[in-house]
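Any value given below was found using the heavy atoms of this structure, including those in side chains, with hydrogens, waters and symmetry copies removed. Whatever order the structure lists them in is the order used to number ligands and atoms, beginning at 1.
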Amino acid sequence: MKFQYTSRQKIIYSTIFVTLLLGIIIPLAVMLGLRRYSTPKSAIIVPLYIYPAPGAWDPLLEAISINPSLNFIVVVNPHSGPGAAAVPDANYTREIPRLNSHTNVQTVGYVPTAYTKRDLTLVKHDIRTYSEWRSNSTVPGLGVQGIFFDETPSQYDDTSAYFLLEAQKEARQVLGFTSRCLLINNPGTIPDTRFLDGPNMTVVFEGTYDTYQMHGFSHKIEMLGRLQGIKASRQDFGCIMHSLPKDVAGSEASVKKVVRELRNIAGAVFLTDLGENYYSTFGTCWKQFVELAK
Ligand SMILES: *[C@@H]1O[C@H](CO)[C@@H](O)[C@H](O)[C@H]1NC(C)=O
Ligand SMILES: *[C@@H]1O[C@H](CO)[C@@H](O)[C@H](O)[C@H]1NC(C)=O
Ligand SMILES: *[C@@H]1O[C@H](CO)[C@@H](O)[C@H](O)[C@H]1NC(C)=O
């Protein structure tokens, strides 16, 4: 009797111990560990200014299909904008639907603003052209889910603010007020914080590796993400870095460090070692970058 009782007690105590271990101690340890060591997830933002000759977009399409849990924001740009025609040429109408067929892809159309010096009517016309691809083409799957406004100003003034607001209004209207509509501003540097509220995402850095290091962008963007009183934070920032020096690009550990740093401060990142025509081919570290972005 006595022996049985002790054994039952043993079972109860060990059950309690195991429950505590599994239910509280281990998850707590894992959570604390993750918080300390893991790098937050980012999407890959691709300025896809590559002409879609047959096969030219395959490195991207391959990365997209083998990494279904990695999100890609792809900026399509037929002619520094949608081009004059109602639909782009047959190479584009063949390849863009291939991008859109993946649920981990959001395509956005490139629209230049020339720091809001461009005619607003032309900007709205570009937006409308993108939005009408769907109905003007007989090819299913042609279309974009948002707009990438290039060369937006970083210094605030009322005229620029009005211009950008009008462009955003037009885009949300014609592309539909769906929850997937994605508007991106690209000042390429940290803009006046009043510009951060309008779009879904702001590219707060576009430039060379050296510029990034020299001007301490990592720290500045991290601080921006922690600012109180503005709606935007880390996940609303994009970072596009090119001209990765050869010695950095050649070292797995160095590339890893750069990608980790970018992921820590921005919800969408891009990295290439190309030092000129940065976005017109895939750089030599494209595959490595995708691997590290996961
Ligand atoms: C598609 O791209 C190929 C290769 O650059 C080119 O030869 C062909 O003319 C293009 N097709 C169209 C319809 O523009
Ligand atoms: C494109 O579609 C729009 C709206 O559906 C229409 O008004 C316009 O005429 C079309 N353009 C061409 C060239 O088909
Ligand atoms: C972009 O912002 C609008 C307005 O806040 C929102 O409705 C939409 O869901 C956002 N888009 C994405 C892709 O999050």
Please state whether the rings of Tyr156 and Phe195 are parallel, tilted or perpendicular, taking 30° and 60° as the class boundaries. tilted
Ligand-side contact atoms (ligand 1) for residue partner Tyr51, heavy atom cut-off under 4.0 Å: 1 (C), 2 (O), 5 (O), 10 (C), 14 (O)
Angle between ring planes, Phe282 versus Trp286, binned at 30° and 60°: parallel, tilted or perpendicular? tilted
Which atoms of ligand 3 sit under 4.0 Å from any heavy atom of Ser179? 8 (C), 9 (O), 10 (C), 11 (N), 12 (C), 13 (C), 14 (O)
Any idea which protein heavy atom is nearest atom 14 (O) of ligand 2, and the distance to it? Asn136 OD1, 3.5 Å
For Gln235 and Ser233, does a side-chain donor sit closer than 3.5 Å to a side-chain acceptor? yes
To atom 6 (C) of ligand 3, the nearest of Asn200, Val108, Leu182 on a heavy-atom basis is Asn200
Distance filter under 4.0 Å to Ser135 heavy atoms, resulting ligand 2 atoms: 2 (O), 5 (O)
Per-atom contacts, ligand 3 versus Gln106 - under 4.0 Å to a heavy atom: 13 (C)
Can you tell me if Arg172 contacts ligand 3 (heavy atom of the residue under 4.0 Å from the ligand)? yes
Taking Arg118 first and then Glu151, would you say they form a salt bridge - that is, a charged N and a carboxylate O separated by under 4.0 Å? no
Taking non-hydrogen atoms only, is Arg180 closer than 4.0 angstrom to ligand 3 via side chain, backbone, both or neither? backbone
To which protein heavy atom is atom 13 (C) of ligand 2 closest, and what is the distance rounded to 0.1 Å? Ala86 CB, 3.5 Å
If the plane angle is over 60° it's perpendicular, under 30° parallel, otherwise tilted; pick one for Tyr212 and Phe217. parallel
Do Thr107 and Asn100 have side-chain N/O donor and acceptor atoms under 3.5 Å apart? yes
Nearest protein heavy-atom contact for atom 10 (C) of ligand 1: which residue, which atom, what distance? Asn91 ND2, 2.5 Å
Can we say Arg226 and Glu222 salt-bridge, meaning some charged N sits less than 4.0 Å from an Asp/Glu carboxylate O? yes
Nearest protein heavy atom to atom 2 (O) of ligand 2: under 4.0 Å? yes
Protein heavy-atom partner closest to atom 7 (O) of ligand 2 - residue, atom, separation in Å: Glu132 OE2, 4.7 Å
Just so I know, are the side chains of Ile184 and Asn200 near enough to count as touching, which here means a heavy-atom distance under 4.5 Å? no
Identify the protein heavy atom lying closest to atom 5 (O) of ligand 1, giving its residue, its atom name and the separation to 0.1 Å. Ala53 CB, 3.7 Å
side-chain hydrogen bond (donor to acceptor under 3.5 Å, both in side chains): which pairs involve residues 157-168, sequence neighbours left out? Thr116-Ser160, Lys124-Glu166, Asp157-Ser160, Glu166-Lys169
